[in-house]
Amino acid sequence: MTYANETRRRRTFAIISHPDAGKTTLTEKLLLFSGAIQIAGSVKARKASRHATSDWMEIEKQRGISVASSVMQMLYREHVINLLDTPGHKDFSEDTYRVLTAVDSALMVIDAANGVEAQTRRLIEVCRQRDTPIITFVNKMDREVRDPLDILDEVERELGMPCVPMTWPVGQGKSFGGIINLRTQAMTVFDSGSERLPQDFETIPLTEQAQLAERFGLEWQTAMDSMELATGASPAFDEAAFLAGKQTPVFFGSGVNNFGVMEVLDALVDLAPAPKPRTSNLLVNKQPVVKEIQPEDSAFSGVVFKVQANMDANHRDRIAFVRMASGKYTPGMKLKVQRTAKELRPTSVVTFMSQRREAVEEAFAGDIIGFTTHGGVQLGDTITDGANLQFTGLPFFAPELFMTVILKNPLRTKQLQTGLDQLGEEGAIQVFKPEIGGPMLLGAVGQLQFEVVQHRLKAEYDCDVRLEGCQYTGARWITADTPAELREFTNAYPQRMSLDAAGTLAYLCTSPYDVRLAQERFPKIHFHPLREHAGLALGSAN
């Protein structure tokens, strides 16, 4: 049996950008236009009861930022679109990196006034490593912004790939007249207002040159000249090049005004790829054999790319987000966690509209489904209906910031342990347990991660903690060629040994020289700045 017809209908993509480029607002509008939600929430209206559908965590509502990735599914033009909204803030980049392993394409949002910003560069790098196709949306054209040719030039430089304009702006800021759609050869006239729907905008075919020139005057002429330059300098859209991550189609608009968004939604259906094959290691006689898993295969397989604790505060639940790689899911299926070989019996399996959930009747490769679990599932786990295989590629980066956790009320020790276990498994923070005892250590990529964890420990686990600085400035996961060599090393540095949330051994360091000295002293020990999952360390020793 093959599920090719169903998998071809799927589009799974992540929205990426620098903070404040308008990513969450665009997410809202895509949901609105697909009919998935009836009303778009204002991300910035923190005091209002309406918040962005994709920002559900209490701290997100207070700060008006996304700190956790959220998953949403919608139906548009007979296609099932799985949209993953990622945190833009660099302190949560780990969550975003992991989300990017679960998608087939990315929608990059750029602020037209600021161009390509620091966090966008980092995310582009991850997309480039994976050859993820990128669609670019240049947002906020209704403000005073940079020249579109400048923006295109910068995107090309930063992405290292040519841009192919699909729409082109006429004017900007107060004189923003609309966009020319090169695919339909028509101009859509801009009209401000967040309540407008795509059909409310006036459209004029480009054959009406005289009318357009008279109505938009100098802005029209300037737009035509710059568009001619842009299209003359750009290659024609090449589907194969786009799918290989070698060129990016570019759209212009204003998300907050619902303008230029429909063109992006149509492009996701028309241009973005359906689910792709995924590489796995099939264990044969305990030896890994690389195998390509096709999305239309009948056997169920998927990978846990995110675990979220306490999405519903009333039920203290934990949800494992699984990106399906092949097969079909139906309720009551017998599933197995490959790492532990244990049977997985989820109490409920859901698809998402942010916090709103719907029970899954069926799901196919490309879909994101949530398993309600009570432990036993970690980030990076491969779930199958029996086949022995292991998907790879879910990264954990060595943290650069460390804090010691001090519990204000010692009677809450058990709750603290539960909270740190769950938040560590979730990947919200990295938790290290020193081998020789003493307080738990938290490792983070960015300072804001500590604040969020402190907030969540109090709100979700009723644990008031103080975070104090410590001497450690880095960690490296360690492996050795033989158990004896590893034992010799751990005996030499007992105070530096710790276990992370997955039970993987790590060496804590107080300066970059520590690793170099330890490496010279023990040349057969491998130090890894990157860990994949379940104890599989990657990366060259450094």
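Here the structure is a predicted model, which means the values were calculated and not measured.
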Ion pair check, Lys140 and Asp20, cut-off under 4.0 Å: no
Under 3.5 Å side-chain donor-acceptor pair for Tyr329 and Asp385: no
Atom CZ of Arg143 with >12 non-hydrogen neighbours under 6.0 angstrom: no
Phe300 side chain near Thr330 side chain, heavy-atom distance below 4.5 Å: no
Gap between atom OG1 of Thr25 and atom NZ of Lys29 - 0.5 Å precision: 7.0 Å
Atom of Leu152, atom of Trp168 and distance for their closest heavy-atom approach: CD2-CZ3, 3.7 Å
Residue Glu239 excluded, over 12 heavy atoms near CD under 6.0 Å: no
Minimal non-hydrogen separation, Val256 against Asp142, with atom names: CG1-OD2, 4.5 Å
Flag, side chain of Asn82 to backbone of Gly366, donor-acceptor distance under 3.5 Å: yes
Val189 and Phe216: CA distance, side-chain angles, deciding distance, side-chain contact (heavy atoms from CB on, under 4.5 Å) verdict: CA-CA 10 Å; Val189 180; Phe216 297 102; 4.0 Å; yes
N/O donor-acceptor pair under 3.5 Å between Gln247 side chain and Asp238 backbone: yes
CA sep, side-chain torsions, deciding dist, call: Thr167, Glu263, side chain to side chain donor-acceptor pair (under 3.5 Å): CA-CA 8 Å; Thr167 64; Glu263 290 75 1; over 6 Å; no
Heavy-atom pair with the smallest gap, counting every atom of Ile293 and Ser301: CG2-OG, 3.9 Å
Beyond-backbone contact of Leu271 with Met166, side-chain heavy atoms, under 4.5 angstrom: yes
Heavy-atom closest contact (Val80 atom, Gln73 atom, distance): CG1-NE2, 3.5 Å
Chi angles and distances behind the side-chain contact (heavy atoms from CB on, under 4.5 Å) call for Ile180, Met224: CA-CA 9 Å; Ile180 297 164; Met224 291 304 283; 3.9 Å; yes
Phe259 and Phe190 aromatic ring geometry - parallel, tilted or perpendicular at 30°/60° bounds: perpendicular
Polar side-chain atom of Asn258 near backbone of Arg196 as donor-acceptor pair, under 3.5 Å: yes
Within 6.0 Å of CD in Gln185, more than 12 heavy atoms from elsewhere: yes
Neighbour count above 12 (heavy atom, 6.0 Å) for Glu144 CD: yes
side-chain contact (heavy atoms from CB on, under 4.5 Å) between Leu30 and Leu107, worked out: CA-CA 12 Å; Leu30 292 170; Leu107 173 58; 4.1 Å; yes
Shortest non-hydrogen separation from Val307 to Leu379 and the atoms involved: N-CD2, 3.7 Å
Contact check, side chains of Leu100 and Cys127, non-hydrogen atoms, under 4.5 Å: yes
Ile134 backbone acceptor or donor facing Thr248 side chain under 3.5 Å: yes
Val116 backbone acceptor or donor facing Glu154 side chain under 3.5 Å: yes
Any Thr24 side-chain heavy atom under 4.5 Å of Ile15 side chain: no
Side-chain donor or acceptor of Ser234 paired with backbone N/O of Cys163 under 3.5 Å: yes
Any donor-acceptor pair under 3.5 Å from Thr382 side chain to Phe391 backbone: yes
Short side-chain to backbone donor-acceptor contact, Asp297 and Gln294, under 3.5 Å: yes
Asp367 and Arg10, any side-chain heavy atoms less than 4.5 Å apart: yes
Distance in Å, Phe251 CZ paired with Asp266 CG, rounded so as to fall on 0.5 Å steps: 8.5 Å
For Ser17, the option from Val109, Asp111, Asn139 that meets side-chain contact (heavy atoms from CB on, under 4.5 Å): Val109
Arg278 side chain vs Ala325 backbone, donor-acceptor pair below 3.5 Å: no
Short N-O contact, Arg77 and Asp270, less than 4.0 angstrom: yes
For Glu158, salt bridge (charged side-chain N to carboxylate O under 4.0 Å, His left out) partners two or more places apart: Arg121
Nearest-0.5 Å distance that lies between atom CE in Met187 and atom CG in Asn181: 11.5 Å
Value rounded to 0.5 Å, distance of CZ in Phe305 from OG1 in Thr101: 7.5 Å
Test log, rule side-chain contact (heavy atoms from CB on, under 4.5 Å), inputs His79 and Leu265: CA-CA 11 Å; His79 285 72; Leu265 195 51; over 6 Å; no
Any Val155 side-chain heavy atom under 4.5 Å of Ile151 side chain: yes
Within-4.5 Å side-chain heavy-atom neighbours: Val145 and Pro169: no
Glu202 CD: over 12 foreign heavy atoms closer than 6.0 Å: yes
Point-to-point distance, once rounded to the nearest 0.5 Å, from NZ of Lys23 to CD1 of Ile110: 13.5 Å
Salt-bridge present (Arg215, Glu208; N to O < 4.0 Å): no
Shortest non-hydrogen contact between Asp131 and Lys276, atoms and distance: O-NZ, 4.3 Å
Within-4.5 Å side-chain heavy-atom neighbours: Gln449 and Gln430: no
Spacing of CZ belonging to Arg146 relative to CD belonging to Gln172, to within rounding of 0.5 Å: 11.5 Å
Backbone N/O of Leu159 and side chain of Arg128: donor-acceptor pair under 3.5 Å: yes
